[in-house]
Amino acid sequence: MRKHVIRFGLVLLVLIAGLAFYLTRPDRAQLSENAVTGRTPRLTQVRDQWFPTVRVADPIGWRDGQAPTAPAGLQVQPFAKGLDHPRWLYRLANGDVLVAESNSPPREGGGVTGWFMRLFMKRAGAGTPSANRITLLRDADGDGVAEARSVFLTGLNSPSGMVVVGDALYVANTDALVRYPFRTGQTRITAAPEKIVDLPGGGNHWARNVVADPDGRSLYVSVGSASNIAENGLEIEKNRAAIWQVDPAKKTFRIYATGLRNANGMAFEPRSKDLWTVVNERDMLGSDMPPDYLTKVEFGGNYGWPWHYWGGYIDDRVQPQRPDLRQYVARPDYALGAHVAPLGLAFTADMRLGERFGNGAVIGLHGSWNRVPPSGYKVVYVPFAANGFPAANAKPVDLLTGFLTTDGKQVHGRPVAVIADRTGALLVADDVGNTIWWVSQPLAAR
């Protein structure tokens, strides 16, 4: 009996070693990260994979004196340190900054990709419990250092997006959009939340964002898919992979756009007032495919998920197929690279970063967990033209780098939300480095 147990154990170890080798085998990108970007990215043949390639950089944080790297003409410094997984940012009318300190709730399901993400993403700082709070930071003298900090709101459930409309603060928890009474200048909310709408939770893609349209009558809420490509069935994907339009007065919603696997950052382009978003595309098609993207969101638009990507390319893994939908799939406006994980989005109208970064979008690329070599792990700028769309032939411009070590094996931090502070500087939430970074022009150049 003992021999059988030992033999079984040896066989099991061999199988585990074989699986580990398969999962960590070289699936090196054939294209540079930059090749799969822009309005006309280079698309290649997909690689048929049953399991994702896993390449997660080990988090090492920032030592005293270390910081990301800003381009020439800009400087970077910590705005606030010692936070607990800061994910999202919102600037109040008086210049105070709200920080959602948040992480994924306990997750089950999510298919093969979800299982591997839960297994490996702990290495990237995603396995720690959620603080479930919003913290207020105040930089009264505008020197780029928050000298005051207070716990603003607690009792939340993996919160992310925040927006103030009138005398109300709306918070997007992972399972509900809620509202609190609010007045400018207060440093803590103790009132009970008022639920506006329930949001579907569970599975992958837990973070919900919320923005208000320019007239404040509607709220837009992003709800990511529960899985990679609906491998657990479409029933659990009801009202997911979508952006909702919410009427806060009536507490009702309608689906504004669909087929967006995991839209997160949303912002209104300042000239056209059109809604734009950044989207995390599907996994397990190789290191080069498909591109994550930035796109204008059309009402009634279908962006393809799960059957199609990048304007009509067919994902053969999704069964049954829906060829009847292909002609209606909208092509995204701008590719950001494969597996770069775009989360934060802000336009530069309120920023003072110099002429080079004067008219465009700033995007926080959280970074890949399944690409060789790694991609993302930086903040980029996408130049826009006067017509309110990315400039022709424009490529993303690095705005904040140095989060990833040069060998790609370790990571100091991972950028998420990006916003302008009251001085026109850029604030970047770093959820692995537990820091908010302040990027600005030197004082003499402002």
Electrostatic pair D288:R371 at N-O distance under 4.0 angstrom: yes

Approximate separation, where rounding is to 0.5 Å, of N370 CG and S287 OG: 7.5 Å

Polar side-chain atom of K273 near backbone of P270 as donor-acceptor pair, under 3.5 Å: yes

Separation between CZ of R240 and CG of L260, rounded to the nearest 0.5 Å: 13.5 Å

All pairs passing salt bridge (Lys or Arg N to Asp or Glu O under 4.0 Å) where residues 186-195 contributes a residue, at least two apart: R179-E194, E194-K251, K195-D198

Sub-4.5 Å side-chain heavy-atom contact between I134 and V171: yes

Shortest non-hydrogen contact between W310 and R39, atoms and distance: CZ2-O, 4.1 Å

Side chains of L83 and R149 in contact at under 4.5 Å (non-hydrogen atoms): yes

From I60 atom CD1 to K409 atom NZ, the distance as rounded to the nearest 0.5 Å: 13.0 Å

Inter-residue atom distance W305.CH2 - S227.OG, 0.5 Å rounding: 4.5 Å

Under 3.5 Å donor-acceptor, N209 side chain and N264 backbone: yes

Side-chain heavy-atom pair T277, I243 within 4.5 angstrom cut-off: yes

D407 CG: over 12 foreign heavy atoms closer than 6.0 Å: yes

Atom pair CG/CG of L89 and L427 - distance to nearest 0.5 Å: 6.5 Å

Side chain proximity check, V97 to L136, heavy atoms < 4.5 angstrom: no

R87 side-chain N/O to P159 backbone N/O, donor-acceptor pair under 3.5 Å: no

Derivation of the side chain to side chain contact (heavy atoms under 4.5 Å, CB included) call for R317 and M284: CA-CA 10 Å; R317 301 171 299 172; M284 299 163 60; 3.4 Å; yes

Donor-acceptor contact below 3.5 Å, side chain T37 vs main chain A35: no

R183 side chain vs A168 backbone, donor-acceptor pair below 3.5 Å: no

Polar contact flag, side-chain donor to acceptor under 3.5 angstrom, S130-N132: yes

Residues E237 and S225: side-chain donor-acceptor under 3.5 angstrom: no

Beyond-backbone contact of M266 with V221, side-chain heavy atoms, under 4.5 angstrom: no

Test: D292 and R282 ion pair at under 4.0 Å: no

Criterion side chain to side chain contact (heavy atoms under 4.5 Å, CB included) on W438 and D421, from CA distance to verdict: CA-CA 9 Å; W438 191 75; D421 82 345; 2.8 Å; yes

Side chains of T184 and L92 in contact at under 4.5 Å (non-hydrogen atoms): no

Pair T401, K378: side-chain N/O donor-acceptor within cut-off below 3.5 Å: no

Closest non-hydrogen atom pair, Y293 against P332: CD1-CB, 3.3 Å

Ring centers of F357, Y381 separated by less than 6.0 Å: yes

Y309 backbone acceptor or donor facing E281 side chain under 3.5 Å: no

Ionic contact status for K296 with D274, cut-off 4.0 Å: yes

Closest non-hydrogen atom pair, D333 against F389: OD1-CE2, 3.6 Å

Donor-acceptor contact present, side-chain T348 to main-chain M351, <3.5 Å: no

Between W437 and D430: side-chain donor-acceptor atoms closer than 3.5 Å: yes

Derivation and outcome, side chain to side chain contact (heavy atoms under 4.5 Å, CB included), residues T252 and V197: CA-CA 7 Å; T252 59; V197 290; 6.0 Å; no

Donor-acceptor pair, side chain of R422 and main chain of D139, under 3.5 angstrom: yes

Modelled atom types, side-chain donor and acceptor of S375 and E33, under 3.5 Å: no

Any donor-acceptor N/O pair, H85 side chain to S102 backbone, under 3.5 Å: yes

Intermediate values then yes/no, side chain to side chain contact (heavy atoms under 4.5 Å, CB included), W244 and N239: CA-CA 8 Å; W244 295 18; N239 293 331; 3.7 Å; yes

Near-ring test Y170/Y180, centroid separation under 6.0 angstrom: no

Smallest separation among heavy atoms of G413 and F403, with atom names: O-CB, 3.3 Å

N173 versus D175, side-chain donor and acceptor atoms under 3.5 Å: no

Shortest non-hydrogen separation from A335 to P291 and the atoms involved: CB-CB, 3.7 Å

Donor-acceptor pair, side chain of R208 and main chain of T174, under 3.5 angstrom: yes

Gap between atom CD1 of I229 and atom CZ of R261 - 0.5 Å precision: 9.5 Å

Check: I196 and V178 side chains under 4.5 Å, non-hydrogen atoms: no

Shortest non-hydrogen contact from A338 toward M289: CB-N, 3.9 Å

Greater than 12 external heavy atoms within 6.0 Å of Y313's OH: no

Aromatic ring proximity Y256/Y220, centre distance under 6.0 Å: yes

Heavy-atom side-chain contact between P396 and Y334 under 4.5 Å: yes

Side-chain H-bond candidate by donor/acceptor type, N280 with H366, under 3.5 Å: no

W307-D315 side chain donor-acceptor pair, cut-off 3.5 Å: no

